[in-house]
Every structure is written in C-alpha cells, then in structure tokens.
Amino acid sequence: MLHNISSYGVLSLLLSVIPASALLKRAAPGPEACADLTKSLGSKTVVTSVLSLDYIKSRMSYFNTEQSKYRPSCIIYPNSTEDVAVAVKAIRKADSRFAIKAGGHNPNEFFSSVDKGVLIDLSSMTERSYDEATELATYQPGGPFGDIYDYFLPWNRTVVGARLAGVGTGLALSGGLSYLSSQYGLACDSFRELEVVLPSGEIAIASEHTNPDLFYALRGGGGNAYGIVTKYTVQSHPANTFHAGVVVYLFQQNSTVLNAISDFIRYNQDPKAAIIGTYMKLPTPDLDLNLDEAIILFLVYDGPDSGSAFNNFTSIPHLLNTLAQTDYHGVVNMPLPGGAELSKGRNNFRVTVHAGNDEGIANLNQLYENWRAWSDKNKGKYILTSFDIQPIPKTLTDASNAYLGGNAMQMPDGPWYWVNYLLTASPLLSDRALAEVQESYKGLVEEVPPTEGLPLFINDAMRDQNPLRTYGGYERLKGIKAKYDPDGFFSERTGGWDFS
Ligand SMILES: Cc1cc2nc3c(=O)[nH]c(=O)nc-3n(C[C@H](O)[C@H](O)[C@H](O)COP(=O)(O)OP(=O)(O)OC[C@H]3O[C@@H](n4cnc5c(N)ncnc54)[C@H](O)[C@@H]3O)c2cc1C
C-alpha cells in the first residue's frame with residue numbers, strides 16, 4: 001500500500017510539470033508526414049493504402065526487386081514543383097525518412113525506395129515543351145526516356161538520355177550515357193537550366209548564371225543529394241534517320257568479337273558510330289556446347305548509312321544481324337519492339353574503368369576471362385550475368401569538357417572504357433545466400449584494379465564502390481553538398497552517395 005501511494009505521488013508530480021500536449025502520443029515520423037501531406041495536398045496526391053493500385057505499381061516497379069519488400073508510410077504523386085516543395089517541408093517537419101523515385105532503375109537500396117517513410121514518386125510530372133527558335137527542350141522528371149524522345153520526335157529532335165526506352169530521368173543527374181554521347185557528351189552536358197526544390201523546401205533555379213555551383217553539382221554529381229529536380233531545360237539535338245540494329249554471335253566468336261571491340265575503343269574516330277558490347281551467361285547447363293552463352297552487339301549510327309563504321313563487327317560470322325534504317329524510337333526500343341527493358345529481378349550492377357592503351361586493352365581480356373570463369377563456377381546462383389563494354393572515345397570527353405569546363409565527373413581525355421557487370425541472382429537463394437553471391441561478384445570485379453585517375457560511372461555502380469570519390473570534381477561537390485544540405489537532411493533521411 002505504501003508503495004502504491006508513493007508511486008501515485010511521483011506520477012502526480014510528473015503530471016504537474018509536463019504539459020498535457022506532450023503526453024499525447026506522437027505519431028511515428030512517416031505517418032505524421034503523411035497525415036500532414038494528406039491535409040495539404042489531398043488524398044488523390046497522397047496515397048496511404050497499401051492496396052491502392054497506384055501504391056502497388058510504385059512499390060513493385062523497381063529494377064532491383066529487393067526494393068519492393070519495403071513499405072512506405074505513403075506514396076505521394078506531386079503534380080507540380082510547389083507540391084514537391086510542400087512535401088519536402090512536411091517531411092522535414094516530421095523528421096521522416098523519404099525517397100525520390102523517377103524510373104526506379106537504380107539498384108541500390110534506399111536510393112529510390114524507403115521503408116516506413118514518404119516515397120515521392122515523380123511519375124505524374126510529365127510536362128514537356130519544345131521551342132523551335134532556341135532549340136531548347138524541357139521535360140519534367142516523370143515518365144521514361146522513351147516517352148520523352150517520342151514527344152520531341154515530330155520536330156526531328158531529341159534529348160541526350162537513356163539507350164533503352166524504359167529508363168527514367170534520374171539517369172541524367174548521374175551523367176547519362178547515350179548513343180549520341182560521342183557527339184554531344186553525357187545527358188547532363190546538355191542541361192541549360194534546372195528547377196530544383198532544395199533540401200530546405202525552397203524552390204531554386206540552377207543554371208550557368210544562377211546558383212552556378214548547384215548547377216555544376218547537378219551536372220553529373222548524382223541524384224537525391226543536392227535537391228529534387230522538377231524541370232530540366234536542355235539543348236536538343238537533331239534526330240533523323242539512324243542505321244541501327246543488333247548483331248548476335250555464338251560464343252565461339254568470343255575472342256574475335258572482343259578484339260573488334262578493343263579496336264573500336266582505340267581507333268574509332270567517327271562520333272556518329274556508337275556501340276555496346278554485351279556478353280551474357282544464362283543459367284542453363286553448359287554441357288560443353290557453350291549454348292548458355294551469347295554475345296549481342298548494339299550498333300547505332302546517326303545517319304541513314306553506317307558505311308564501313310561497323311564492318312569489323314558485321315564481317316564476323318554471326319547468327320543474326322538486324323542493322324537497318326530506323327528512327328530514334330526504333331533505336332531505343334532494340335532489340336525487341338516495345339521490349340526495351342532489361343528484366344526486373346534481384347539485380348545488382350558493378351562497374352570498372354580502364355584506359356584505351358595497351359595495358360587497358362590487355363586488362364579487357366583479363367576482365368572478360370575472369371567474368372566468364374566466375375559465371376561458370378557460380379551456375380545455379382543466378383538467372384543472368386552480363387558483361388557490358390561501353391567505349392568512351394575522345395570525341396565524347398571533348399564534347400563534355402567543351403561546356404562550362406566539363407561536368408562533375410571532369411572527364412579525362414578518351415579513349416577509355418567502362419565495363420558494367422550485371423548480376424541477376426536466383427529467386428531461390430535465401431537472403432544470406434544472396435548476400436554471399438553478391439559479395440563474391442564484388443570480389444570478381446575487384447580482381448583487376450581500375451585504371452587510376454579514371455572515373456567509375458555512378459549510374460552503373462553500387463554504393464560501396466564510392467564512385468563519386470573518383471571524380472575530378474569530388475572536392476568541389478563536397479563543398480556544394482555542404483552548402484545546399486547544411487544540416488545533412490538529405491544525407492540522413494534518404495539513401496544516396498556518401499560524402500563523408
Ligand atoms: C535497363 C537499364 C538500362 C540502363 N541504361 C543506361 C544508359 O543507357 N545510360 C546510362 O547512363 N545509364 C543507364 N542505366 C543506369 C541508370 O542510369 C541508373 O540506374 C539510373 O539511376 C536510373 O534512373 P531512374 O530514374 O530510372 O531510377 P531512380 O532509381 O528512380 O533514380 C535514380 C536516382 O536518382 C534520384 N533521382 C531521380 N530523379 C530525381 C530528381 N528529379 N531529383 C533528384 N533526385 C532524383 C533517385 O532518388 C535515385 O537515387 C540503365 C539501367 C538499367 C536498369
């Protein structure tokens with residue numbers, strides 16, 4: 001009894017000194033931000049029901065399906081820059097976690113996915129325009145690049161963006177390698193003005209003249225770090241008739257094709273000719289027939305006739321050659337009409353970079369042999385592994401560096417090349433086995449160190465590769481990040497590149 005009386009006494013004392021409002025239970029940060037946003041933006045823009053079709057679509061449409069396991073407290077579909085600003089302020093007030101999603105192709109967890117926080121899905125922001133007098137194009141961040149290209153095609157113009165129609169606009173903030181890059185640089189090199197919601201929730205313009213430091217960081221320094229871009233104004237480029245297609249080889253041609261790719265990296269001088277060289281391993285048993293392996297070359301020439309530009313590839317015995325005249329829609333929808341998308345799955349990317357000199361080209365052969373050996377040894381653990389070679393010629397780095405002294409990557413002179421490694425792990429693996437195979441894949445990529453002084457492409461990198469640190473502009477980026485995100489709101493509350 002005595003004990004009860006004294007407990008009661010302490011409780012009364014507490015009640016007399018703590019304000020009543022503080023005793024009301026505070027919602028968790030995610031639901032609190034969502035409730036606030038539902039009030040200000042309405043329930044059409046803010047979806048909280050996990051059973052809503054919009055919610056399911058947003059949650060399920062990740063290239064790396066591991067991200068679909070997370071459950072946002074709500075998903076908001078802003079219709080305007082002002083909506084995005086309201087969202088950032090509410091998220092900040094509630095101190096909630098959040099993520100910004102454009103196309104959902106970045107495989108790094110929490111880059112465009114969030115658990116128990118606010119997912120800002122930009123898919124409803126799809127306004128576009130074209131000004132014939134200035135040849136400037138504008139697009140909002142919603143919708144895949146394929147839709148953006150189709151919008152500008154009636155003017156026979158296009159913008160520099162993804163090589164596959166299905167990829168989203170987040171690609172451009174991390175550089176953006178296109179079939180047109182050898183002529184015009186990366187996607188971000190064509191930016192002329194960006195509208196941005198800053199981490200403070202304020203709306204700002206970034207251009208050569210206004211907030212030039214922010215403009216620099218957004219030209220290739222990565223998404224979700226310095227703010228949310230709500231409108232891109234970019235230099236457009238001509239898009240007329242292309243000569244493009246895929247050439248498919250049996251694996252018996254592996255070294256002949258690799259030699260032809262090496263020569264293309266080193267010697268191609270024609271900026272209108274672009275390629276991706278893809279080697280693939282499938283999960284089917286090998287049976288010593290090599291039928292589990294394929295080589296696909298994507299060949300794109302900006303002009304109706306590629307002349308002799310691809311002769312070194314087409315003269316090698318092949319199974320299929322679809323080279324033909326097409327428009328830009330056809331280019332980005334190769335190899336299958338309407339099927340321009342790599343499959344969703346337990347996907348991870350990794351990247352390496354090597355010089356286009358004797359040593360770098362010798363490395364290419366080694367990288368390929370290592371990848372092939374790894375793929376043979378790890379049968380059963382994946383659905384697909386691929387080894388994609390992406391040449392970076394000097395014409396590309398010249399075009400990039402010609403605008404305002406170059407982008408955040410500060411691209412060293414070509415030629416050099418990136419290799420993008422894709423691993424689609426088997427759905428049958430336990431979480432632990434998945435982590436093990438991903439770790440082993442990481443080891444494979446690290447076996448041959450990249451050429452020092454060349455940048456790892458952030459669009460093809462995993463977070464642990466710390467690619468931004470390989471950028472010529474890294475120290476400057478760090479300062480800009482500290483200026484525009486001074487209290488580390490974006491660093492702490494959403495996933496993304498590490499600046500510490
Ligand atoms: C099938 C496939 C093909 C690809 N092809 C190419 C290619 O041709 N060239 C190339 O360079 N790369 C390519 N990539 C890599 C691709 O560029 C990256 O995966 C990129 O992150 C995808 O952008 P997204 O909008 O689809 O993805 P998201 O995951 O939605 O966005 C990527 C990142 O940017 C942030 N972000 C997006 N929009 C904004 C915004 N408006 N403001 C601030 N932050 C934002 C997101 O938060 C996220 O961190 C390809 C990837 C895949 C899976």
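This chain uses plain numbering: 1 for the first residue, then up along the sequence. Counting convention: from 1, in listed order, for ligands and their atoms alike.
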Contacting atoms of ligand 1, where contact means under 4.0 angstrom from a heavy atom of [X]:
| X | result |
| --- | --- |
| Gly223 | 34 (O), 35 (C), 44 (N) |
| Phe457 | 11 (O) |
| Ile228 | 42 (N), 43 (C) |
| Ile100 | 39 (C), 45 (C), 46 (C), 47 (O) |

Taking the basic N atoms (NZ, or NE/NH1/NH2) and the acidic carboxylate oxygens, is any pair closer than 4.0 Å for [X] and [Y]?
| X | Y | result |
| --- | --- | --- |
| Asp36 | Lys89 | no |
| Lys69 | Asp115 | no |
| Asp464 | Arg350 | yes |
| Arg493 | Asp95 | yes |

Short side-chain to backbone donor-acceptor contact, [X] and [Y], under 3.5 Å:
| X | Y | result |
| --- | --- | --- |
| Asn211 | Ile205 | yes |
| Thr138 | Ser129 | yes |
| Thr395 | Ser182 | yes |

Which one holds for [X] and ligand 1: side chain close, backbone close, both close, or neither close, with close meaning a heavy atom under 4.0 Å?
| X | result |
| --- | --- |
| Pro141 | side chain |
| Leu173 | side chain |
| Phe145 | neither |
| Phe63 | side chain |

Minimum heavy-atom separation for Gly227 and Pro199, please, with both atom names.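 Looks like CA-CD, 4.0 Å.
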Regarding [atom]: of the candidates [options], which has the closest heavy atom?
| atom | options | value |
| --- | --- | --- |
| atom 49 (O) of ligand 1 | Asn64, Val229, Asn224 | Asn224 |
| atom 12 (N) of ligand 1 | Leu119, Val114, Leu171 | Leu171 |
| atom 19 (O) of ligand 1 | Arg163, His105, Glu195 | His105 |
| atom 20 (C) of ligand 1 | Leu122, Asp460, Asn459 | Asn459 |
| atom 25 (O) of ligand 1 | Ala187, Gly161, Gly103 | Gly103 |

[X] heavy atom under 4.0 Å from ligand 1:
| X | value |
| --- | --- |
| Tyr232 | yes |
| Gly104 | yes |
| Tyr226 | no |
| Gly227 | yes |
| Gly176 | yes |

Test Ile392 against every option in Thr397, Leu186, Ile265, Leu454 by the side-chain contact (heavy atoms from CB on, under 4.5 Å) rule and name the one that passes. Thr397
Ring-plane angle category for [X] and [Y], please: parallel below 30°, perpendicular beyond 60°, tilted otherwise.
| X | Y | answer |
| --- | --- | --- |
| Tyr70 | Phe110 | tilted |
| Tyr149 | Tyr328 | perpendicular |
| Tyr368 | Tyr279 | tilted |

Please confirm whether Val167 comes within less than 3.5 Å of ligand 1 when only nitrogen or oxygen atoms on both sides are compared.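 Checking ligand 1 against Val167, no N or O pair falls under 3.5 Å apart.
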